[in-house]
Visitor: 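Have a look at this one.
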Amino acid sequence: MMNLTTAPRTLRPTGAACPVGSPVPSSVVELNVGGELYTTTVGTLRKFPGSKLAEMFSSSAKSCRDAEGRFFIDRPGTYFGSILDYLRSGELPTQHIPEVYREAQFYEIKPLVKLLEDTPKIFSEQVARKQFLLRVPGYNENLELMVRLARAEAVAARKSAVLVCVVRTEEDVAQCADTLRMLEAEKKSVIRFGPWKAAPDIRDLLDCMVMDIKAQGYQVVYEHYSEKAFWTKGFNCFYTFVFIWW
């Protein structure tokens with residue numbers, strides 16, 4: 001990030017909207033991106049004509065200015081330097097790749113988005129893990145239900161538990177049917193995941209569930225359901241997710 005010069009500026013009301021006019025590509029511009037200050041050229045910002053960033057600095061666009069007259073972009077500024085590095089020299093980030101990827105998507109810089117999607121970090125998440133989860137019916141909805149049930153049980157408690165049935169195949173479904181009926185008779189809530197058609201197994205899905213719940217800020221662990229009264233042929237499909245509140 002380059003520091004701004006101390007040359008006098010014309011003050012403008014904070015947040016006032018004003019037209020960019022017809023900026024010349026070689027013109028130097030000062031940016032305030034979420035409170036982080038940058039200096040660059042219009043040509044750099046308009047390097048990819050189809051991007052949202054280029055549109056912000058087109059001749060017909062309007063933009064906000066801060067109190068010092070700098071162009072203001074209401075986005076997190078921490079990772080904008082990595083966006084500029086790519087626009088200037090094609091340099092890819094080596095740190096904070098998911099965050100830069102999110103900003104590249106917002107600014108619609110498609111070549112950068114594509115390059116970041118080829119990095120191991122984004123490839124493993126977007127292509128491998130998320131594509132697997134898309135093949136697990138109702139995954140996100142069930143995960144949300146798990147959190148709601150855990151919160152409902154958290155009143156005056158240090159921990160709360162949610163019972164989950166994970167079935168990899170239709171054969172697993174058949175094996176778990178009797179146990180599910182027994183649990184329903186006992187008024188126990190059970191959230192079922194699967195079956196699915198993809199290579200990852202039950203342990204992989206359980207790890208994904210923990211990862212995504214922890215990403216929401218919760219502490220959670222899982223273990224085999226330990227109620228011996230319900231040990232049946234399909235018992236290995238049942239797990240308890242324990243949410244730890246304090």
Visitor: How long is the span from the CG atom in Leu163 to the NZ atom in Lys188, to the nearest 0.5 Å?
Guide: 7.5 Å
Visitor: Between Tyr38 (side chain) and Gly81 (backbone), is there a donor-acceptor pair under 3.5 Å?
Guide: yes
Visitor: Can you measure from CD (Gln216) to CD1 (Ile213) and round to the nearest 0.5 angstrom?
Guide: 7.0 Å
Visitor: Might you work through the side chain to side chain contact (heavy atoms under 4.5 Å, CB included) test for Ile73 and Leu53, ending with a clear yes or no?
Guide: CA-CA 10 Å; Ile73 301 176; Leu53 190 60; 4.2 Å; yes
Visitor: How close do Ser160 and Glu153 get, heavy atom to heavy atom, and via which atoms?
Guide: CB-CB, 3.6 Å
Visitor: Just checking Glu171: does its CD atom have more than 12 heavy atoms from other residues, nucleotides or ligands closer to it than 6.0 angstrom?
Guide: no
Visitor: Apply salt bridge (charged side-chain N to carboxylate O under 4.0 Å, His left out) to residues Asp204 and Arg168 and explain how you reach the verdict.
Guide: CA-CA 11 Å; Asp204 296 320; Arg168 167 74 176 78; over 6 Å; no
Visitor: When you look at Leu45 and Leu31, which way does the side chain to side chain contact (heavy atoms under 4.5 Å, CB included) test go after all the steps?
Guide: CA-CA 11 Å; Leu45 298 170; Leu31 306 175; 4.0 Å; yes
Visitor: After noting the C-alpha distance and the side-chain angles of Lys114 and Asp118, does the key distance pass the salt bridge (charged side-chain N to carboxylate O under 4.0 Å, His left out) rule?
Guide: CA-CA 7 Å; Lys114 179 62 172 66; Asp118 288 338; 3.0 Å; yes
Visitor: Going by heavy atoms in the side chains, are Asp207 and Tyr222 under 4.5 Å from each other?
Guide: yes
Visitor: In the single-linkage hydrophobic clustering (I, L, V, M, F, W, Y; side-chain heavy atoms under 4.5 Å), do Val220 and Trp245 co-cluster?
Guide: yes
Visitor: In Å, rounded to the nearest 0.5 Å, how long is the span from CG of Leu84 to OG1 of Thr39?
Guide: 9.5 Å
Visitor: How about Val100 and Ile83: do any of their side-chain heavy atoms sit closer than 4.5 Å?
Guide: yes
Visitor: Could you tell me the separation between the CD atom of Glu117 and the OG1 atom of Thr119, rounded to the nearest 0.5 Å?
Guide: 9.0 Å
Visitor: Count the heavy atoms of every other residue, nucleotide or ligand shown that sit under 6.0 Å from CZ of Arg148, and state whether that count exceeds 12.
Guide: yes
Visitor: Does the side chain of Lys121 reach to within under 4.5 Å of the side chain of Tyr101, using non-hydrogen atoms?
Guide: no
Visitor: Measuring centre to centre across the rings, with the benzene-like ring taken for any Trp, is His224 within less than 6.0 Å of Phe238?
Guide: no
Visitor: With side chain to side chain contact (heavy atoms under 4.5 Å, CB included) as the criterion, how do Met209 and Phe193 come out once you've worked through the C-alpha distance, each side chain's angles and the decisive distance to 0.1 Å?
Guide: CA-CA 10 Å; Met209 292 161 65; Phe193 287 80; 3.5 Å; yes
Visitor: Are Val242 and Ile191 linked, directly or through intermediate hydrophobic residues, by side-chain heavy-atom contacts shorter than 4.5 Å (ILVMFWY only)?
Guide: no
Visitor: State plainly whether one hydrophobic cluster holds both Ile97 and Leu112, where clusters connect Ile, Leu, Val, Met, Phe, Trp and Tyr through side-chain heavy atoms under 4.5 angstrom apart.
Guide: yes
Visitor: Could you check if a side-chain atom of Pro195 sits within less than 4.5 angstrom of a side-chain atom of Val173, using non-hydrogen atoms only?
Guide: yes
Visitor: Tell me whether the NZ or CZ atom of Arg65 lies within the 45° cone about the ring axis of Phe71 and under 6.0 Å from its centre.
Guide: yes
Visitor: Counting C-beta onward and ignoring hydrogens, is there a side-chain heavy-atom pair between Val162 and Leu145 closer than 4.5 Å?
Guide: no
Visitor: Under a 4.5 Å cut-off applied to non-hydrogen side-chain atoms, are Val166 and Trp196 in contact?
Guide: yes
Visitor: Heavy-atom distance under 4.5 Å between the side chains of Ile109 and Leu87, does that happen here?
Guide: yes
Visitor: If you draw a 6.0 Å radius around NZ in Lys159, do more than 12 non-hydrogen atoms from other residues or ligands fall strictly inside?
Guide: no
Visitor: With a 4.5 Å cut-off on side-chain heavy-atom distances among I, L, V, M, F, W and Y, is there a chain of contacts connecting Phe80 to Phe72?
Guide: no
Visitor: Could you walk me through whether Arg192 and Val167 pass the side chain to side chain contact (heavy atoms under 4.5 Å, CB included) test, one step at a time?
Guide: CA-CA 7 Å; Arg192 198 186 87 176; Val167 285; 4.0 Å; yes
Visitor: Indicate yes or no: at least one non-hydrogen side-chain atom of Arg88 is less than 4.5 angstrom from one of Thr40.
Guide: yes
Visitor: Would you confirm whether Arg129, through its side chain, and Ser124, through its main-chain N or O, come within 3.5 Å as a donor-acceptor pair?
Guide: no
Visitor: Got a sec: does the NZ of Lys52 have more than 12 other heavy atoms crowding it under 6.0 Å?
Guide: yes
Visitor: Kindly assign one of parallel, tilted or perpendicular to the pair Tyr218 and Phe243, based on the angle between their ring planes and the thresholds 30° and 60°.
Guide: perpendicular
Visitor: Kindly check if the number of other-residue, nucleotide or ligand heavy atoms within 6.0 Å of CZ (Phe106) is above 12?
Guide: yes
Visitor: Roughly how far, to the nearest 0.5 Å, is CZ of Arg102 from CG of Leu116?
Guide: 12.5 Å
Visitor: Classify the angle between the aromatic ring planes of Phe48 and Tyr86 as parallel (below 30°), tilted (30 to 60°) or perpendicular (above 60°).
Guide: parallel
Visitor: Got a second to check how far Glu103's CD is from Arg75's CZ, nearest 0.5 Å?
Guide: 4.0 Å
Visitor: What pair of heavy atoms forms the shortest contact from Ala198 to Phe132, and how long is it?
Guide: CB-CD1, 3.8 Å
